[in-house]
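Residues: numbered from 1 along the sequence shown. These numbers come from a predicted model, not from an experiment. Atoms considered below: every heavy atom in the structure, side chains included; atoms not considered: hydrogens, waters and symmetry mates. Each ligand, and each atom within it, is numbered from 1 in the order the structure gives.
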Amino acid sequence: MRTLRALVAAALLCLAPAVSAHAAADLTYDFENGTTQGWGPRGGGVSVTVTSDAAHGGTSSLLTTGRTATWHGASIAAPFVRGVGYTVTAYARLVSGQPAGTIALTVQRTPAGGDTTYERVAAATVTDGGWTRLSGSYLFTAESADVQLYAESSDATGQFYLDDIVVTPLGDPTREPVSSDFEDGTAQDWAPRAAAVLQPGAEAAHAGSRSLAVTGRSASWDGPALNVLGRMAKGDKYALSVWVRLGPDATAGRLGLSIERRTGGTPSYERVVAPKDVPVGEWVQLSGTYTLAYDVEFLSVYVESDSGTFPFYLDDFSMKYIQPKPIQTDIPALKDEVPFVMGSALTRPDALGVHGELLARHFSGVTPGNELKWDATEPREGEFTFTDGDFLVDFATRHGMTIRGHTLAWHSQTPDWVFQNADKETLLRRLETHVRTLVTRYKGKIAAWDVVNEVVDENQPDGLRRSKWYEIAGLDFIRTAFRVAHEADPDAKLFINDYNTEFPRKREALYALVKRLKEEGVPIDGVGHQLHLNIEHPPASSVEATIERFATLGVDQQITELDVSIYTDFVSSYDTIPPELLVQQGHRYKELFDVFRRQAASLSSVTVWGESDDVSWLRSWPIPRLNAPLLFDDDLQAKPAYWGVVDPSRLAPTVHRLEAPAGTPKVDGRRDLEWDLLPDSPIARAGDVSAGFQARSSAKGLYVLAEVTDPTVGKGDQVTFTVDGTPYVVKRTGGPKAAVRPTATGYRIEALIGTGYAGPTPPATSSDVEVAVRDSAGASTSWTGKVTATPAVKLTSAAHRTPVLDGVVDRAWSAAPEIRTATWIQGTSGATANVRSLWSGSTLYVLAQVADPTLSEESPNPWEQDSVEIFVDPGNGKTKGYEDDDGQYRISFSGRITVGGTFDAGGVKDHVKAVAKTVPGGYVVEAAIDLPTITLAPGTLLGFDAQVNDATGPARTSAVTWNDNTGRSYLDTSHWGVLRLAQG
Ligand code: XIL
C-alpha cells in the first residue's frame, strides 16, 4: 500500500521540473531534453522513444510504436496526489499513413482493498494531418496504489506522437483540503500508530453510512493517524476537525487531536484539541487550528485519549488551509504611540508569516511565552535545549526588540526531576545550574528576566506560596535565583513577577516581600505585574494604586502579561462575541493605558500576553472557550481594544449599566449604611479627578451619590447629573436637594433628583444617566449609562455568639434575627429555609432550618440534591464573577459538603465545616465558615445569600434564595444580599 507520503515522494523523484510542495507548479513534459522524462512503454513489445520526426513545440516529441492492443501505449507513474485536482492537456498526432483513431489519456489505479480502475482523463480523434489537443481534469480521493497515467489508442496498432503534456495542480497540495469520510469502505490512508486495529464499517456513522472503528489500542496514544506530510506548509495555519464517538462497551472517555512532527529524527507532540469528554452514544467534534512552525520530515495527525485504551469511532475528518488576511499597514504602530517598550508574548509559530509581520510592526519587545521555561530548556537534568529559545531570541534581535526572559524559577511547567530526592542543598544546586546556564547563554541579549514567578500567596501567614520550591528551600530559592542571575549577567534587569498584584491583599503581600528582599540586599531590580484582568474587574484605579504603591520602593516596574478576558467567571462561553463587549473592552484598554501613560515614570514596559486573539492562552485556560482578550483579532486586524490604546476618539461610546435598588438614604452628605450595601461604580480618573457613583430608586425620585476624588478645592469643581436629558448641577459648595461634605481626598455629594414613580414598585424601565465630574483646572471625567430600578438589597445581621456545631439548635441562635428564603429561582414552591447567622473570632456560623419532607441525594450533581447553599463574600465586593475568597458552600441534608468559588475554589474549599441532621418535616444544617482574609468586627459587611435546592428523585424541582433573583449566584456575587456583623 502506498502512502500519501510515498506518492508525494514519487512525484518529487520522477519529474522534471519537480513538483514543489509549497507553490502550485505545472508539470510539463516537452521531451526537449532528449529523454522520455519518465515515460515508458505500456504493454509487451511497445517501444517509447524521443524523436525529432515531429514536434508540437520545439524540436522533439515522444513516439510510441510496436503496439498490438488498444490499451498499449506510453505511461508514467502519475504525478497525482490524492485529494488534489489537476487539469491535464497534451498534443497528439499520428505517424504519417496511420488511419484516424481515438487517442485517450487514462489513469489506472488500484484503490486499497478494491479492483483496479481505469478512468479516462481526456480523449480526441487524432489524424496524421496535424496536432490535436487533448484536455481534461482529474481528481481521486480514495487511498490508492499504483497510480499511472497513460496514452492509448482505439487503433490497436496505431503509432503516435505525444508532445507538450502539461499537468497543472488545481491547487498547491498545502492549500488543498484533506478529508476522510470512510464512505468508500476503506481506511482512506489512516494507519495505526502502534497495535491499534482500524476497521472501516457501518456500525456507526457521523454522516453517511460508515466510519472508522478503532479497537485494540495498546496505549492512550495508540490509535488512528493520518500522514499529512506535504499537506501543510511551514508558517501556515490549518483548521482541523474530526468527529469521534465511544466504541461498543466504552462507558466514558476523553479524546483529543494531536500532531506528531519530526525534525532531525526527534519527534515532538503537539495538541490541536486537548482531550475532551465524549459522552456515551454521542458524536463529539474535535476541532482546532494548527500552525506548522518547523521544517519537518514527518508530520502526522492522530486521535488519542488522555488515558485508557477504550475503542472509538472516527468520522468526517477535514483539514483546511486558513488563508491569512494581510496585516493592516495604514494604522499607527503601537510602539510609536506609547512612552515605554510595548511588548508582546510570542511562541515559535508567532514569529512566522503574518503573525511575525504583526509583531515586527507593532511591538518593540517580546517575551517567549513558553520556550524559556524550565520544562522547555532543561527537561532532564543537565540536558539543555535551546532550539526554540534561540529561534525567538534571534527573531527579536533581528527586529531590534528587547527581550524579557520568562521564567527562571516557577512552580508550574517545571519537570518533576527538579524536586525528586531533593534536599535543600540539592535543589539549590539544581537551581543554580539552571539559572546560570540560561542567563549566561543569553547574556547581553535578554534585557530582563522574570527570575521568580508567582511566589506570593496572600492567604499564607508569611505571604509565600507553598510551592515545592518553598517547602524544600524556603525563601532561599528566591535569594539564590537572584544572586546567580545577577552573577551571570550583571546588566540584566531582574524581576519578581506575579498575578493579581492589583488586588490590595496580594499587593501588600508582594510589597512586604520585595521590601524585605531589597533590605537584605538581594539584587532585585523590579516588579512585574502580570495583569490578567477581565472585562469588569478590577477597576483601572486598583492597577494605578498598585503602581503608585511600588513606586515608593524605588523599584522598576513592568506590566508583563496583560490581557482582558471577556468573561467574569470560569465556566461561561460565547459562540459568538457580542460586538458591544468588544467596544467595552476598548474602553477598558483606554482606561488602563491612561494609567500606564500617567505612571510612565515608574513603568519601563507594557507587555500583552500574545499579539492576537487567535493565539491567546485564554482560548484553553481555564477551559477551552472562545475568548478575545487582546488588541488584534483572529485575523490580526485592529480591534476596538487597539483603538482604546492608540486613539480612543475612534471608539463607539460605551453604555454602562447600573442597578438602582429601591432605597431612601438620608440626603445629609454622610455615607450611611444604605450606600455601603453596594460598591461605588468607578468613574475613571482624568487629570486629578475621579469618582465613584451609586443610585437608589424611590417614589420620590432618584437618590444619587458621588464620592469625588479631587485634592484641590476650586470654584469650578462640580458634578452634573443628567437624567433623561435633564441636567442637575451640584457644585462643591452645594446645591438644591443636595448635600455636599468634604472627604479626605475630595468631596461627597448626595442628592435627590429626577421624578419619582407612582405606585408601590418601581417601573421596569431604565433612565439614561450621565454623571460628569469637573474640576477648576479643567479636568473632566464622566460616566454614561442606563440606570434601572430594582428591588431593595436585603440586609440582615449576625449576632456575636459561638454555637455548638452539632446540628442541634442551641440557645445561642435565638440572639440572631431570622431570614427566610422566598425568592424563587426555579419553580414557585418547594423546600424553604429559615436562616440565622452568628459570628465570633474569624468564623461565621450559619443555621438553616429546612422544611422539606422528602429528601433525595439521587442525582450525581450536588446542586440537584436536597441541600442548602450559603454564599459569602468577605469584602462585600459585589463583583461579577468570584474573587479568590468568595465562596459558595453547599451542604446536603446528609451533611455532604461541596464548595464553589473562583476556578477550583482553591482559596475557600478548606474553610467550611458543617453538621446536618434530619428532623421531622425536614433537616437542620449548622455550618461554620472560616473567613481568614478579613478581620471580623462589629459593623463588618459581608456579601451573603442562602439557597435551598429541592430534589425529587434524581432531579432538582425547585430552588429558592434569600436575595439573589438571577439564578446566577454560583457565577456572580453581585446580586447577593448583605450580612452585617452585630456588636452583641
Ligand atoms: C501560559 C502560556 O501562555 C501557555 O501557552 C502555557 O500552556 C501555560 O502558561 N502566567 C504566566 C505565564 O506567568 O507563564 C503563563 O503562560 C500564563 C499565566
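Residue pairs meeting the side-chain hydrogen bond (donor to acceptor under 3.5 Å, both in side chains) criterion with at least one member in residues 627-637, sequence neighbours excluded, are Ser565-Asn627, Arg619-Asp634.
When only modelled atom types and interatomic distance are considered, Trp617 and Asp563 share a side-chain donor-acceptor pair under 3.5 Å.
Contacts of Ala492 classified as side chain to side chain contact (heavy atoms under 4.5 Å, CB included), with partners at least two apart in sequence or in another chain: Trp449, Asp489, Leu494.
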Legend entry - salt bridge (Lys or Arg N to Asp or Glu O under 4.0 Å) between Asp491 and Lys443, intermediate numbers included: CA-CA 8 Å; Asp491 294 330; Lys443 185 172 187 301; 5.6 Å; no
Legend entry - salt bridge (Lys or Arg N to Asp or Glu O under 4.0 Å) between Glu487 and Arg436, intermediate numbers included: CA-CA 8 Å; Glu487 285 167 12; Arg436 197 176 297 284; 2.9 Å; yes
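The immediate protein surroundings of ligand 1, defined as residues with any heavy atom under 4.0 Å of it, consist of Asn370, Lys373, His406, Trp410, Gln413, Asn453, Glu454, Gln530, His532, Glu561, Trp609, Trp617.
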Anything under 3.5 Å between a donor and an acceptor, one on a side chain of residues 286-296, the other on a protein residue two or more places apart or in another chain? List them.
| residue | atom | partner | partner atom | Å |
| --- | --- | --- | --- | --- |
| Tyr290 | OH | Glu270 | OE1 | 2.6 |
| Tyr294 | OH | Asp388 | OD2 | 3.3 |
| Asp295 | OD2 | Lys234 | NZ | 3.3 |

